[in-house]
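A short write-up of the structure that comes next.
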Amino acid sequence: FTPPSQLDQRYMVVPLKLRLVTLVSLMRSLVAKANAAIKTGQATTGTKIIVFLSCTDSVDFHWQLLGGVQMGTVRNPPIKPDQVAHNCALLPSTSVMRLHGSLPVATRRASLQAFATPHTVTDGNQNAILLCTSVASRGLDLPLVKAVIQYDLPTEQGINEYVHRVGRTARVGRGGESWAFVEDHEQGWVDWVEAGMSHKGDQVQLRQVAVEDVLRRGFGGGSAKSHIEYEARATQVQLAFERWVLESDEVGPNQALRATSISADPLLQNAALARNAFSSYVRAYSTHPAEEKKYFHVKNLHLGHLAKSFALRETPGKIGAGKSAAKAKTSGAKNKNGKRAAVDSDDEFDVNTAKT
């Protein structure tokens, strides 16, 4: 497969702990560009953006996070169970939807219809963002998509899946852009995917964009001297995300309960979403095929920095601490001196026992 020639393919080498704020900054810059085009009369409709994530838990977490985060005096109403779209305080004039295979059929259809419908200024939300898994990479009619963001790179079908994803934009001769988030140890993947898309002497290239440039465009400051301004705003956004998680973590350090699936208790729901998304991301990352392990190996992930990308402040070892403690109590594990072994809350996170 070869992507369309009018597609502008870009990638960024993003440190794990900056992934979340960089994603928001990129979406903000794309939305701002679309809003400016409408304001100057260059466009009558807003932009549509698809963001690909690796697993359903991650889609649910980011969707809830964007709808629940509070910035200053901006307050969004609580998200209802049957809600299809919501607004984000960080993304003006934008509706955010989600799509994955575990959603009820009625919700999936409603999300697709809401995203596919042309959005104008009279709607109040002229821009639309769809958070999804690879279920949206093919077989769906999603017209006028301006940008595709691969926040998580494909874990299966390699280059073919990458091309299918970016093929959601730049259709019918129109222009479009794609963005790929790449970690430092994954940079060899760029050369690999470029070679796989180049045929008969036609060289396909992904253009690298500096993370600092994206943060500067998304969080203000048009000059290089304004780095303090955008760094401060990025920090404020990260702290707002972490506060959103902590708001539901007021019950106390009940690790065994917090490590389970999403609780019915609203005080635990946000934290459970974040932890489940973290665990599922690690599980999904470990499923890259053998030929891609040299680019994507779970041992290369800095789990502490990865936790920051899910707005978690605790070390990854604490996520599995409750399960380890429960196992130690029930099994009566003893050390070589015959005494019960103490459970270390900072034990290495176990991918194989992570709950999805």
Side-chain angles (χ1 to χ4, degrees), residues 14-28 51 53-55 57-79 86-91 96 98 129 131 151-152 181 183 211 214-215 218-220 228-255 257-260 262-263 265-282 301-322 345-346 349 354:
V14 186
L16 274 174
K17 60 184 178 181
L18 295 180
R19 272 170 58 88
L20 187 54
V21 291
T22 304
L23 173 63
V24 172
S25 182
L26 176 58
M27 292 190 297
R28 280 174 58 87
V51 181
L53 299 106
S54 62
C55 52
D57 283 339
S58 187
V59 171
D60 289 338
F61 163 71
H62 287 90
W63 187 73
Q64 294 270 22
L65 175 68
L66 291 175
V69 67
Q70 300 176 354
M71 300 299 298
T73 59
V74 179
R75 297 289 186 272
N76 283 334
I79 298 175
H86 60 60
N87 303 115
C88 176
L90 292 161
L91 301 167
V96 184
R98 60 175 171 164
I129 294 176
L131 307 177
Y151 188 57
D152 299 333
F181 278 61
E183 297 167 33
V211 174
V214 173
L215 291 174
F219 291 128
I228 297 178
E229 178 183 356
Y230 76 76
E231 287 179 354
R233 291 183 179 179
T235 300
Q236 291 174 1
V237 171
Q238 178 68 31
L239 291 175
F241 288 147
E242 293 177 8
R243 283 194 297 269
W244 180 83
V245 171
L246 291 174
E247 283 174 0
S248 65
D249 213 14
E250 299 171 357
V251 175
N254 188 343
Q255 300 290 352
L257 180 60
R258 288 158 60 186
T260 61
I262 299 175
S263 171
D265 188 337
L267 290 176
L268 289 174
Q269 194 169 33
N270 296 357
L273 278 167
R275 294 184 177 92
N276 286 352
F278 172 91
S279 300
S280 295
Y281 175 89
V282 177
L301 292 175
H302 189 299
L303 298 183
H305 292 174
L306 179 64
K308 293 286 287 185
S309 72
F310 288 95
L312 291 166
R313 291 183 176 180
E314 73 268 35
T315 58
K318 292 183 179 180
I319 297 175
S345 63
D346 291 325
F349 181 76

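The first residue of the sequence shown is numbered 1, and numbering continues consecutively from there.
- In this structure, the side chains of Phe310 and His62 come closer than 4.5 Å at one or more pairs of heavy atoms.
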Full working for side-chain contact (heavy atoms from CB on, under 4.5 Å) between Phe181 and Leu23:
CA-CA 9 Å; Phe181 278 61; Leu23 173 63; 4.1 Å; yes
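- Here Arg275 does not pair with Asp57 in a salt bridge; the nearest charged N to carboxylate O distance is not below 4.0 Å.
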Quick one: do Ser309 and His305 satisfy side-chain hydrogen bond (donor to acceptor under 3.5 Å, both in side chains)? Show the steps, please.
CA-CA 7 Å; Ser309 72; His305 292 174; over 6 Å; no
Evaluate Val14 against Val214 for side-chain contact (heavy atoms from CB on, under 4.5 Å), listing each step before the verdict.
CA-CA 11 Å; Val14 186; Val214 173; over 6 Å; no
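- In terms of heavy-atom proximity, Arg313 sits nearest to Glu242 at NE-OE1, 2.6 Å.
- At least one side-chain heavy atom of Val24 sits less than 4.5 Å from a side-chain heavy atom of Phe241.
- Scanning all heavy atoms of the two residues, the minimum distance from Gly218 to Ser25 falls at CA-OG, 3.1 Å.
- With contacts defined as side-chain heavy-atom distances shorter than 4.5 Å, the pair Leu16/Glu183 qualifies.
- In terms of modelled atom types and a separation under 3.5 Å, the side chain of Arg19 and the main chain of Tyr151 share a donor-acceptor contact.
- The pair Glu229-Arg233 counts as a salt bridge, with a side-chain nitrogen and a carboxylate oxygen less than 4.0 angstrom apart.
- Here the closest heavy-atom approach between residue Gln70 and residue Ala240 is recorded as O-CB, 3.9 Å.
- With rounding to the nearest 0.5 Å, the separation of CG in Leu91 from CG in Leu66 is 6.5 Å.
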Please assess Tyr230 against Val21 for the test side-chain contact (heavy atoms from CB on, under 4.5 Å), listing each intermediate value before the final yes or no.
CA-CA 11 Å; Tyr230 76 76; Val21 291; over 6 Å; no
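- For the residue pair Leu303 and Phe278, the shortest heavy atom distance occurs at O-CE1, 3.8 Å.
- Interatomic distance, Tyr281 OH to Ser54 OG, rounded to the nearest 0.5 Å: 6.5 Å.
- Inter-residue side-chain proximity for Phe61 and Asn276 is flagged as unmet; no heavy-atom pair is nearer than 4.5 Å.
- Residues Val51 and Trp63 fail the side-chain proximity criterion, which asks for heavy atoms closer than 4.5 Å.
- For the pair Glu231/Leu215, no side-chain contact is recorded, criterion being any heavy-atom separation below 4.5 Å from C-beta on.
- The shortest side-chain heavy-atom distance between Leu273 and Trp244 falls under the 4.5 Å cut-off.
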Arg98 vs Asp60, side-chain contact (heavy atoms from CB on, under 4.5 Å): CA-CA, chis, key distance, verdict:
CA-CA 7 Å; Arg98 60 175 171 164; Asp60 289 338; 2.6 Å; yes
